[in-house]
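Here's the structure, in structure tokens; my notes come after.
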Amino acid sequence: MINFIVPTTALLLTFLASIATLRYLLTRQGIYWAIPFLISLILFYQNLTTLLKAAEMEGDFIISFSSLLPLVLSILWYALIQAFHFALKTEREYNKYVDQSRKTYNEARFVLLTERRRTRKEQIENKTKATNKPIVPSVPVYHFPDDDK
């Protein structure tokens with residue numbers, strides 16, 4: 001029975017590692033997960049062949065370092081994938097100066113655009129008022145110095 005437990009557990013762990021890396025491959029940081037996905041598939045294939053050899057083997061399972069190596073490697077690989085995932089998932093603190101300057105710049109752009117819109121509306125209103133009103137020409141009145149007498 002133990003000759004199936006060790007390779008099956010190793011195969012299950014590498015299957016979980018392959019599925020996890022495939023899931024992480026389809027996220028925003030997918031470029032980082034291409035090589036771990038290939039390594040997980042290679043380890044999965046290796047553990048699958050180990051399980052098939054254990055199924056064909058007759059006799060007692062001898063516990064040795066070489067027989068437990070796939071299980072230890074699978075445990076370490078799955079732990080490494082989870083640690084790598086959480087390391088990529090953690091957020092870094094942003095530079096507050098850069099963040100504030102970006103906000104100030106965006107606010108200034110917004111104020112500039114609203115003032116331009118308001119000025120453009122006023123210019124259009126003044127233009128329509130000027131074009132729609134009739135112009136009454138004013139005739140200047142001249143006073144000559146001799147007229148006062």
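- Phe15 and Phe4 fall within a single hydrophobic cluster, where Ile, Leu, Val, Met, Phe, Trp and Tyr side chains are chained together by heavy-atom contacts under 4.5 Å.
- Thr27 places no side-chain N or O within 3.5 Å of a backbone atom of Arg23 that could act as its donor or acceptor partner.
- A 6.0 Å sphere centred on CZ of Phe84 holds more than 12 heavy atoms belonging to other residues, nucleotides or ligands.
- Of the inter-residue distances, the one linking Thr104 atom OG1 with Asp99 atom CG reads 9.5 Å to the nearest 0.5 angstrom.
- Screening Val6, Leu12, Leu11 against Leu51 for a side-chain contact (heavy atoms from CB on, under 4.5 Å) leaves a single residue, Leu11.
- Note that the CZ atom of Arg102 and the CD atom of Glu107 stand 14.5 Å from one another [nearest 0.5 Å].
- Going from atom NZ of Lys103 over to atom NZ of Lys96 covers 10.5 Å, rounded to the nearest 0.5 Å.
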With side-chain contact (heavy atoms from CB on, under 4.5 Å) as the criterion, how do Phe110 and Asn106 come out once you've worked through the C-alpha distance, each side chain's angles and the decisive distance to 0.1 Å? CA-CA 6 Å; Phe110 176 74; Asn106 288 335; over 6 Å; no

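- Open room surrounds CD1 on Ile31; 12 or fewer heavy atoms of other groups in view lie less than 6.0 Å from it.
- The CG atom of Leu41 sits 8.5 Å away from the CG atom of Leu22 when rounded to the nearest 0.5 Å.
- Between Trp77 and Thr14, the side chains place no donor N or O within less than 3.5 Å of an acceptor N or O (distance only, hydrogens not considered).
- For CD of Glu122, the number of neighbouring non-hydrogen atoms (other residues, nucleotides, ligands) closer than 6.0 Å is greater than 12.
- With Thr8 contributing its side chain and Ile5 its backbone, the two residues share no donor-acceptor pair below 3.5 Å.
- In the hydrophobic cluster analysis, where Ile, Leu, Val, Met, Phe, Trp and Tyr join through side-chain heavy atoms closer than 4.5 angstrom, Leu48 is grouped together with Ile19.
- Taking each heavy atom of Asn47 and Ala10 in turn, the nearest pair found is ND2-O, 3.4 Å.
- Between atom OG of residue Ser40 and atom CG of residue Leu25 there is a gap of 10.5 Å, rounded to the nearest 0.5 Å.
- For the pair Trp33 and Ile81, the tightest heavy-atom approach, listed with the atom from each and the gap, is CH2-O, 3.6 Å.
- Closest approach of Tyr78 and Leu13 over heavy atoms only: CD1-O, 4.1 Å.
- Under the 4.5 Å side-chain criterion, counting only non-hydrogen atoms from C-beta, Thr114 is in contact with Arg117.
- Ile75 contributes atom CD1, which lies 13.5 Å from atom CG of Leu80 (distance to the nearest 0.5 angstrom).
- Other residues, nucleotides and ligands contribute over 12 non-hydrogen atoms within 6.0 Å of the CG atom of Leu113.
- The aromatic rings of Tyr24 and His85 sit parallel to each other, their planes meeting at less than 30°, with 60° as the upper class boundary.
- The nearest pair of heavy atoms linking Phe44 to Ser18 is CB-OG, 4.1 Å.
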